[in-house]
Colleague: 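Pasting a structure below so you can have a look.
Proteins get letters first, then strands, A, B, ... in listed order; numbering begins at 1 in each.
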There are 2 protein chains.
Amino acid sequence: MKVNLKTLSESLGLSQTTVSRALNGYSEVSERTRQRVMEAAERLGYQPNSQARQLATGRTDTIGIVFPFSVSTIGDIRFGEVVSGITERLAEHNLDLLIHSARPDAELETYRRLIDSRRVDALIVTRTRVDDPRIGLLQERNYPFVAYGRTQSRIPYAWFDFDNETGGRLAAERLLALGHRRIALVHAPLEMNFAMQRHAGFVAALCAAGIEPDPELIVEAPADRTGGYQAVRKLLAMQQPPTALLVDNNAIGALRALGDCGWKPGSGLSLIVYDSIPFEIPLTYKVTSVMQPTGESTGQALADLVVDVLAGKPLDQLHQLKVPYIDPGETDGPPIVFG
Amino acid sequence: MKVNLKTLSESLGLSQTTVSRALNGYSEVSERTRQRVMEAAERLGYQPNSQARQLATGRTDTIGIVFPFSVSTIGDIRFGEVVSGITERLAEHNLDLLIHSARPDAELETYRRLIDSRRVDALIVTRTRVDDPRIGLLQERNYPFVAYGRTQSRIPYAWFDFDNETGGRLAAERLLALGHRRIALVHAPLEMNFAMQRHAGFVAALCAAGIEPDPELIVEAPADRTGGYQAVRKLLAMQQPPTALLVDNNAIGALRALGDCGWKPGSGLSLIVYDSIPFEIPLTYKVTSVMQPTGESTGQALADLVVDVLAGKPLDQLHQLKVPYIDPGETDGPPIVFG
DNA sequence: ATTAATATCCAAAGCGCTTTGGATAGCGTG
DNA sequence: CACGCTATCCAAAGCGCTTTGGATATTAAT
């Protein structure tokens, strides 16, 4: 019942070589024969066995991505969009996406296995850390990959990233220009690349303005659901709370905390958040935010980079740095001076 | 440099057969030899080529899921969680998830290709429709699959679904018990299974109460971002608006529309929505909703079903029907009588 | 007409694994 | 000592495709 290359070629009275070539568009086959072959393949519903082809060619036409257990979606309401963007763009190149799940404590070993088993042609590395051993592993094995976020590495590699340092700086400069001096920062753990970069930009802007960053006002929020919420509650409970606040992550938890404390735009505390507020979240006011294109376009960019890497383009040219900008809203203004 | 079964067995002075058996835990190899083999494999970093193994065994250890282009995330803020749940649970069985993207207009052809190319061992079919040709195709080809949502089919198959009919009925009954007579329903297109079922339950409850469902009050909202919003606006703009409203989908758009019209809980219109409001959405009141376990637990249930299907369990026993219940909030109450 | 080039096709050798169908050796039984 | 059993191992045959290295027929060049 099932038709493979052998039965197909026999039914045509041709060799497997010729049929294979005809179907794969080689030139060493006459046009007439090719038509016959194509027609027969269509009629019999022939579909090459991909395992056999993969074994013969060494390609899998599959790109891999590793999701760590359980942390995959947290704090990342839009990660689904990124995946969606990746798959769509990959599909244009007849590539699939393989999702591999890893226990967070065995992440590196998982990468090693995935590489050695040859299940995928390339990998997309997400959630890069400042010093990321996965990058080193992949480079050492000479394995094609694209990083979603830069890390420290002398050897060039393909990456997509946001200019988080500029983002942190822009937000701080805006608040400084409004007259704020006590500016707080709620940031994700600094082992995360983006958090470190935003933090650096924020601190740099303060220093450039001659302000010594107050450690009390720079708080780390765990990358879980309540992290942002609790960090903001803590800041608001201070004896001398900040007059302005930059939230580099988990804006939703922060907004909720502010709301629970009766905060409203213009009521004293200026707020800038990183990333746009997802459409799904109804707010009666517009939040001033550090904007960067995220979601599906990010996924598409990643997919494009993967395709370029596989095409053998020079790695030191495969960089995409998206520069954020401030999208003004109603949540920031000059500090309110009491007395 | 790269070590395969041949080099490994040669370095051990054993046949490929024996090495293969030792590694795969067969009994026909002495314990001493097995130890030697395992040790050498570990030391040399041997990792079987998965393509070769797949070709030889006919298994791929991969489960497939098809994402239609662009519609994938719309109206489904939680779909990422489902995928996350699937991959995690599959990983426990050493299975991966392959995401394949399809143009919506060529969905069936995409399934056919995916089946015939043998890329995956089984498929998870999502967004089932009332009469879904994909189910028929898979059954015809005798291909293992699990449906996320039931459809019409005489032949048994594995599925996971919510009891949407009960959900629609429960919501309507609650509103009826509160004294409402003009109850509106905003529903997704009825070709979607869940929409049809919720609709049926809703209508049945009304009829049972002796109320003729008013076609004016039953409006279809397209499954896009603004569908729910516009449907609710339309209802609120009626000369004689409903006193109660059930939203079967896209609660967020509906809430936004209500908010834009100055609606507040207790202000005259009762509201029940389907599904819980995502944690990320800050609301100052609790919405009465038809609850059902969604997100990661759904993904895990789907993965479990896949594993059972592959294990050959009888399909007519592989059903999971989750019954929803009403989670009371502050958004419904008796109708307000004027005059 | 002869030779060289070209077009067209094919047999067979992999790709790296699993698995079938023996082969060999050790061992207790009668 | 012959026999049957079990334990242990191996050679070789696939799995279904691509690709190498010819072979043969056809056409162009001399």
Colleague: Expected output is a numbered-order residue list: members of residues 22-34 of chain B with a heavy atom under 4.0 Å from any atom of DNA chain D. What is it?
Modeller: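 Heavy-atom cutoff 4.0 Å gives Glu28(B), Val29(B), Ser30(B), Thr33(B).
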Colleague: Enumerate the residues from residues 6-14 of chain A whose closest heavy atom to DNA chain C is under 4.0 Å, giving them by residue number; use none for an empty result.
Modeller: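 Within residues 6-14 of chain A, the residues near DNA chain C are Gly13(A), Leu14(A).
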Colleague: State plainly whether the residues Lys322(B) and Asp161(B) are in salt-bridge range, i.e. N to O under 4.0 Å.
Modeller: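 Salt bridge: no.
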Colleague: Does a side-chain N or O from Ser15(A) land closer than 4.0 Å to OP1 or OP2 of dC10(C), or not?
Modeller: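 For dC10(C), OP1/OP2 do have a side-chain N/O of Ser15(A) under 4.0 Å.
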Colleague: Check this for me, if you would: do Arg112(B) and Glu109(B) make a salt bridge, where the nitrogen-to-carboxylate-oxygen distance has to be below 4.0 angstrom?
Modeller: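 Answer for the salt bridge query: yes.
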Colleague: Side chain to side chain contact (heavy atoms under 4.5 Å, CB included) with Thr126(A): which residues, sequence neighbours excluded?
Modeller: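 With neighbours one apart ignored, the set is Ile65(A), Phe79(A), Ile124(A), Tyr148(A).
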Colleague: Please tell me if the side chains of Phe145(A) and Gln139(A) come closer than 4.5 Å, counting only heavy atoms from C-beta onward.
Modeller: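 Yes; the side chains approach each other to less than 4.5 Å.
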Colleague: Measure the distance from CG on Asn4(B) to P on dT18(C) and round it to the nearest whole Å.
Modeller: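 So the two atoms are 12 Å apart, to the nearest Å.
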Colleague: What is the separation between atom CZ on Arg36(A) and atom P on dT8(C), rounded to the nearest whole Å?
Modeller: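 Between P of dT8(C) and CZ of Arg36(A): 14 Å.
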Colleague: Ion pair present between Arg21(A) and Glu28(A), side-chain N to carboxylate O less than 4.0 angstrom?
Modeller: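 The answer is yes: the pair qualifies as a salt bridge.
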Colleague: In terms of side-chain geometry, is the basic nitrogen of Glu39(A) or Arg43(A) positioned less than 4.0 Å from the acidic oxygen of its partner?
Modeller: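 Judged by the 4.0 Å cut-off on N to carboxylate O distance, Glu39(A) and Arg43(A) do form a salt bridge.
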Colleague: Which nucleotide in the set dC17(D), dT20(C), dT19(D) lies at the smallest distance from any side-chain heavy atom of Arg21(A)?
Modeller: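 Nearest to the side-chain atoms of Arg21(A), counting from C-beta on, is dT19(D).
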Colleague: Quickly work out the Leu5(B) CG to dG14(C) P distance and round it to whole Å.
Modeller: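 Those two atoms, CG and P, are 17 Å apart.
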Colleague: Using heavy atoms and a sub-4.0 Å distance, could you list which residues of residues 37-63 of chain A are near DNA chain C? By number, please.
Modeller: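 Residues of residues 37-63 of chain A under 4.0 Å from DNA chain C: Leu55(A), Ala56(A).
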Colleague: Do you know which of Gln54(A), Gln51(A), Arg53(A) makes side-chain hydrogen bond (donor to acceptor under 3.5 Å, both in side chains) with Gln51(B)?
Modeller: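 The option that passes is Gln54(A).
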Colleague: Report yes if a donor N or O on one partner sits less than 3.5 Å from an acceptor N or O on the other, where the partners are the side chain of Ser20(B) and the base of dT19(C); otherwise report no.
Modeller: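 No such pair is found, so the answer is no.
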Colleague: Would the distance check show the side chain of Ser20(A) and the main-chain N or O of Gln16(A) forming a donor-acceptor pair, the cut-off being under 3.5 Å?
Modeller: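 No; zero donor-acceptor contacts below 3.5 Å.
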Colleague: Check residues 310-317 of chain A and write down every donor-acceptor pair under 3.5 Å in which the side-chain atom is one partner and the other belongs to a residue at least two apart or another chain.
Modeller:
from      : atom 1 : to        : atom 2 : distance (Å)
Lys313(A) : NZ     : Asp308(A) : OD1    : 3.4

Colleague: How many Å lie between CG on Asp116(A) and C1' on dC17(C), as a whole number?
Modeller: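 After rounding, the reported distance stands at 16 Å.
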Colleague: Got a sec, which residues hit side-chain hydrogen bond (donor to acceptor under 3.5 Å, both in side chains) with Asn49(A), two or more places apart in sequence or on another chain?
Modeller: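 Applying side-chain hydrogen bond (donor to acceptor under 3.5 Å, both in side chains) to Asn49(A) gives none.
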Colleague: Between Tyr157(A) and Thr151(A) (side chain of the first, backbone of the second, donor and acceptor by atom type, cut-off under 3.5 Å), is there such a pair?
Modeller: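 Such a contact is found between Tyr157(A) side chain and Thr151(A) backbone.
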